[in-house]
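Here is the structure we will look at, set down as structure tokens.
Because the structure is a prediction, the values reported are computed rather than measured. Per chain, numbering begins at 1; letters A, B, ... match sequence-line order.
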Number of protein chains: 2
Amino acid sequence: MAYHHGDLRRALLDEAVRTIQMDGLHALTLRAVGQRLKVSRTALYRHFADKSALLSAVAGEGFVMLRTQLAAAWEAGGGGVAGFDEMGRAYVRFAVANPSHYRVMFGGFVAEREPDPELAREATAAFQTLVDAIVAQQQAGLLRRDPPQRLADYIWSIVHGIAMLAIDGHFQHHCTDVEDLVAFAVERIRTGTAAVAD
Amino acid sequence: MAYHHGDLRRALLDEAVRTIQMDGLHALTLRAVGQRLKVSRTALYRHFADKSALLSAVAGEGFVMLRTQLAAAWEAGGGGVAGFDEMGRAYVRFAVANPSHYRVMFGGFVAEREPDPELAREATAAFQTLVDAIVAQQQAGLLRRDPPQRLADYIWSIVHGIAMLAIDGHFQHHCTDVEDLVAFAVERIRTGTAAVAD
DNA sequence: ACCTGAACACCGTTCAAGT
DNA sequence: ACCTGAACACCGTTCAAGT
């Protein structure tokens, strides 16, 4: 009869994201997901070790999407200053457009225990996109010659902070437009990290 | 016999923080808290409407502590540049020293639904400490004359981003010392937001 | 007023059993 | 291989009852 065959895994991931998007992370129960997919609530265990493995998979897909969109923004901006600024905008835009992915990626649900190495690898790859762009700009004389990792930690913190506060609605209270804030941040980062004369 | 009288509320708050600190937010169960305080698991309902009200109270105390420590740092630094830099350091230091408070304050557990107005007021008061310091610096000609709220959103995002990533252990992977990162951030913020010549 | 114990409706997970 | 149904040990919350 209506076996889901190979695509139940895919359906479970999509339904998990959909549920978090609509009703929040606390509403994600294996029973509800199974019920909505017309499947036993234990069918999931054929595809994931447990609930946290499902969340890890969601986070992993999120990191792949993020890395792809960051790289695309860098390319679309033609590298250099325009490309880097575009990366910052793309980062926050990803978080705002995919809040459930982002929350699972950084909400502390996965990072608590030692996460599966594949997830760590994908997170590192996304971070590396930022480091690469920083090194490229330094070599073009567009950015301070601080250690790239330090600059990356700093800039990642800024866009992450904006993204988190935006997702959690902390800006709505004082009517802050997120796009405007990111534009302001990009300018201030540029001013604060410009290459200094030798 | 061993009634807790008026201080059960206090004991519940402390035990909640202790539990989150030691075992994580997912380990905070009303049953465990009650058991550890030698009290029925339903005794809590005499002091809090429900579990989320307990978390709201923890968050509220966190905002009071944060505001106090930010104001103290500003004063200790004698206002001006030194005081402002000290505020940034104090912010991240608070988060790292009180990760369970911080996670409840910003982890999206409280902000999801409409939070109680008292909590919102305390969060706003903490934010206002930053705005006030920014206005003072602008009047002293030490900071760009952008809208104070915009500068506050920007700087709050930076320290919040560093704090969150630090708490969730995302810096341990590439051996970043948080104090060093904050020091670097404070310098870059200063350079990026310095007053411009008229 | 403050606390208790039993009860209710949930949850993730396991496991023997079915196809 | 893939899915099911019953069972187990949890959870937050309610409520009549005790002091």
Side-chain angles (χ1 to χ4, degrees), chain A residues 1-20 22-59 100 103-104 107-110 112-116, chain B residues 1-20 22-59 100 103-104 107-110 112-116:
Chain A
M1 57 144 306
Y3 273 18
H4 272 274
H5 295 294
D7 58 357
L8 179 54
R9 189 191 141 90
R10 180 76 261 142
L12 287 164
L13 283 168
D14 292 342
E15 190 58 42
V17 170
R18 238 176 63 90
T19 303
I20 303 171
M22 298 208 315
D23 304 324
L25 226 161
H26 71 276
L28 177 67
T29 75
L30 302 190
R31 290 161 134 87
V33 169
Q35 193 170 340
R36 226 157 326 183
L37 292 177
K38 310 280 191 191
V39 133
S40 162
R41 50 191 171 286
T42 60
L44 173 140
Y45 290 90
R46 287 291 125 197
H47 301 275
F48 299 97
D50 52 19
K51 185 179 180 178
S52 98
L54 172 65
L55 287 177
S56 270
V58 170
S100 36
R103 239 191 277 268
V104 174
F109 304 93
V110 179
E112 300 237 0
R113 63 197 87 269
E114 211 54 44
D116 55 318
Chain B
M1 58 142 307
Y3 271 19
H4 273 275
H5 295 294
D7 57 357
L8 179 55
R9 189 190 141 90
R10 180 75 259 143
L12 286 165
L13 283 168
D14 292 342
E15 189 58 42
V17 170
R18 239 176 62 90
T19 302
I20 303 171
M22 298 206 316
D23 303 326
L25 227 160
H26 71 278
L28 177 68
T29 75
L30 303 190
R31 290 161 135 87
V33 168
Q35 193 170 338
R36 229 159 322 185
L37 292 178
K38 309 279 189 192
V39 130
S40 161
R41 52 191 170 285
T42 60
L44 173 138
Y45 290 90
R46 287 293 125 196
H47 301 275
F48 299 98
D50 52 19
K51 185 178 179 178
S52 99
L54 172 65
L55 288 178
S56 269
V58 170
S100 38
R103 239 191 277 267
V104 174
F109 303 92
V110 179
E112 300 237 358
R113 65 198 86 267
E114 212 54 44
D116 56 317

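Atom CZ of B/R36 has more than 12 neighbouring heavy atoms from other residues, nucleotides or ligands inside a 6.0 Å radius.
Atom pair B/R46:CZ and D/dG12:P shows a separation of 18 Å (rounding to whole Å applied). Regarding A/L37, its CG atom lies at a distance of 11 Å from the P atom of D/dT4, rounded to whole Å. Protein atom CZ of A/F48 is 16 Å distant from nucleotide atom P of C/dT14, rounded to whole Å. Regarding A/L30, its CG atom lies at a distance of 13 Å from the C1' atom of C/dC10, rounded to whole Å. Between the C1' atom of C/dA1 and the CG atom of B/D7 lies a distance of 15 Å, rounded to the nearest Å. A straight line from NZ of A/K51 to C1' of C/dG12 spans 8 Å, rounded to a whole angstrom. Across the protein-nucleic acid pair, A/L25 atom CG and C/dC11 atom P stand 15 Å apart, rounded to whole Å.
In this structure, B/R10 pairs ionically with B/D14, as a charged nitrogen and a carboxylate oxygen lie closer than 4.0 Å.
When base pairs are accepted only as Watson-Crick or G-U wobble with both N-N or N-O distances under 3.5 Å, DNA chain C takes part in stems of 3 or more pairs at C:4-8 with D:12-16, C:12-16 with D:4-8.
A/Y45 has a side-chain polar atom (N or O) that falls below the 4.0 Å cut-off from OP1 or OP2 of C/dT13. Side-chain nitrogen and oxygen atoms of A/H47 include none within less than 4.0 Å of the OP1 or OP2 phosphate oxygen of D/dC2.
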Which protein N or O atoms sit under 3.5 Å from an N or O of nucleotides 5-9 of chain C?
from	atom 1	to	atom 2	distance (Å)
C/dG5	O6	B/T42	OG1	3.2

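A side chain to side chain contact (heavy atoms under 4.5 Å, CB included) with B/L28 is found for exactly one of B/V58, B/V33, B/V17, namely B/V33.
Looking at residues two or more places apart in sequence or on another chain, you find a side chain to side chain donor-acceptor pair (under 3.5 Å) between B/S40 and B/T42.
Residue contacts for B/L28: at a heavy-atom cut-off of 4.0 Å it reaches the sugar-phosphate backbone alone, with no base atom in range.
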